[in-house]
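Input: a single structure, listed below in structure tokens.
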Number of protein chains: 2
Amino acid sequence: MEPRTTEDDDLVDALVRVSFVVMATLNTIGAENDLSLTQLRVLGILRERRPRMAELAKHLGLKKSTMTGLVDRAEQRGLLARATSADDDRATEVFLTSEGAKLVARGRARLAEELAPLSRRLSPSDQRKLQTLLEQMFEPEE
Amino acid sequence: MEPRTTEDDDLVDALVRVSFVVMATLNTIGAENDLSLTQLRVLGILRERRPRMAELAKHLGLKKSTMTGLVDRAEQRGLLARATSADDDRATEVFLTSEGAKLVARGRARLAEELAPLSRRLSPSDQRKLQTLLEQMFEPEE
DNA sequence: TATTGTTATACTCTATAACTATA
DNA sequence: TATAGTTATAGAGTATAACAATA
């Protein structure tokens, strides 16, 4: 049980502060479209996938019953749709509608727009360096 | 309206992924103590401050009426307390109890513990570099 | 009158438990 | 019998509007 160094703490603090800024920005963009952060995440996942309800819940760390409500509300707004799986009549697949896809694209553009003033504080080479370090830390390739 | 570069997108994506990992970790640590992320934030703020209800709400981007409930529940659990301001009888100051302070200290230690495996993927000098870049981007000193 | 905080109300997010339909 | 998803219910987080107390 080695004691943590001050440097560790400071890196953790920096990561936490960054995360709150990013989350607050996502929250604002969601609010512009009357969407919660969770709804935004749901739509973001569907950008590249067509998961079943249970997969979606697992990916978000939520319960199946919670997904039902989330998907219900997004479906009522025409942002996504349900379809019974061809493989298994018990399973329901979820996918974006074209309106949902448009919203996701706009949201991503808005996010980049909101964060641009921050990333501009770094030189292009520092931006690349930051990206590399983050990927190395959070998405190791080994 | 200049088009965004791919590099911008990738940095944004990296920041978003990092943020979700950090938030998920905070969420888990909160859950270990039956605290929501918001409650955790409230306690975190009180670590260094003794704000009024309105200041607390502003800092968290919430409404005064929302703070009432959050503070009510944390107060019932003995994690924080209210006191009427000496300056203004209308105002209520909020501060950590010793139990609340203990919980915050434990939470911070747990967070560093959870994130340590990730930061260890970087060399000490890269860890410092990452911290510097994040601070430069999110907390400019000019 | 203006400000600080609370109360009343309503909706979303979340979980647990019980249920339906299909495998 | 087991699995996928929904429904019923309850508690927490959030906002808006109306209110009480103090400035």
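In the text below, chain A, chain B and the rest are named by the order of the sequence lines, each starting its count at 1. What you see is a predicted model; the values in this text were computed from it and never measured.
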Taking side chain as C-beta onward, heavy atoms only, is [X] less than 4.5 Å from [Y]?
X	Y	result
Met137(B)	Val18(A)	no
Asn27(A)	Leu40(A)	no
Ser123(B)	Asp126(B)	yes
Ser119(B)	Leu130(B)	no
Arg108(A)	Arg47(A)	yes
Leu103(B)	Arg106(B)	yes
Phe138(A)	Leu118(B)	yes
Arg121(B)	Gln136(A)	no

Quiz item: Between which nucleotides of DNA chain C, read 5' to 3', does contact with chain A run, using atoms under 4.0 Å from its heavy atoms?
Solution: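 Contact span on the strand: dT12(C) to dA23(C).
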Quiz item: Relative to the 5' end of DNA chain C, which residue comes earlier, Asp88(B) or Ser65(A), by the nucleotide with the nearest heavy atom?
Solution: Asp88(B)
Practice problem: Between Glu93(B) and Asp89(A), name the one whose nearest nucleotide on DNA chain C is closer to the 5' end. | Solution: Glu93(B)
Considering only nitrogen or oxygen atoms on both sides, find all protein atoms under 3.5 Å from nucleotides 18-21 of chain D and state each distance.
none

Quiz prompt | Electrostatic pair Arg77(A)-Asp34(A), nearest N-O below 4.0 angstrom | solution = no
Quiz item: What pairs meet the salt bridge (Lys or Arg N to Asp or Glu O under 4.0 Å) rule with one or both residues in residues 65-75 of chain A, with sequence neighbours excluded?
Solution: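 Only Asp72(A)-Arg82(A), Glu75(A)-Arg82(A) qualify under salt bridge (Lys or Arg N to Asp or Glu O under 4.0 Å).
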Self-check item: Bend angle of the helix from dT1(C)-dA23(D) to dA23(C)-dT1(D), from helix axes over five pairs at each end, nearest 10°
Solution: 10°
Exercise. Can you measure from CZ (Arg41(B)) to CG (Leu46(B)) and round to the nearest 0.5 angstrom?
Key: 12.5 Å
Self-check item: Atom pair distance, as rounded to whole Å: NZ in Lys63(A) and P in dG11(D)
Solution: 19 Å
Quiz item: Rounded to the nearest Å, what distance is computed from the CE atom of residue Met67(A) to the C1' atom of nucleotide dT7(D)?
Solution: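 In whole Å, dT7(D) C1' lies 16 Å from Met67(A) CE.
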Quiz prompt | Residues touching DNA chain D, which here means a heavy atom under 4.0 Å, drawn from residues 23-57 of chain B | solution = Ser36(B), Thr38(B), Gln39(B)
Ignoring hydrogens and angles, write down the donor-acceptor pairs under 3.5 Å from the side chains of residues 54-71 of chain A, residues two or more places apart or on other chains.
{"residue": "Glu55(A)", "atom": "OE1", "partner": "Arg52(A)", "partner atom": "N", "Å": "2.8"}
{"residue": "His59(A)", "atom": "NE2", "partner": "Arg49(A)", "partner atom": "NH1", "Å": "3.4"}
{"residue": "Thr68(A)", "atom": "OG1", "partner": "Lys64(A)", "partner atom": "O", "Å": "3.4"}

Quiz item: Would you say Thr66(B) reaches dA15(D)'s phosphate, i.e. side-chain N/O to OP1/OP2 under 4.0 Å?
Solution: yes
Exercise. Just call it for Thr92(B): base, sugar-phosphate, or nothing, with non-hydrogen atoms closer than 4.0 Å on any strand.
Key: sugar-phosphate
Practice problem: Would you tell me whether Glu135(B) and Gln131(B) have side-chain atoms, one donor and one acceptor, within less than 3.5 Å of each other? | Solution: yes
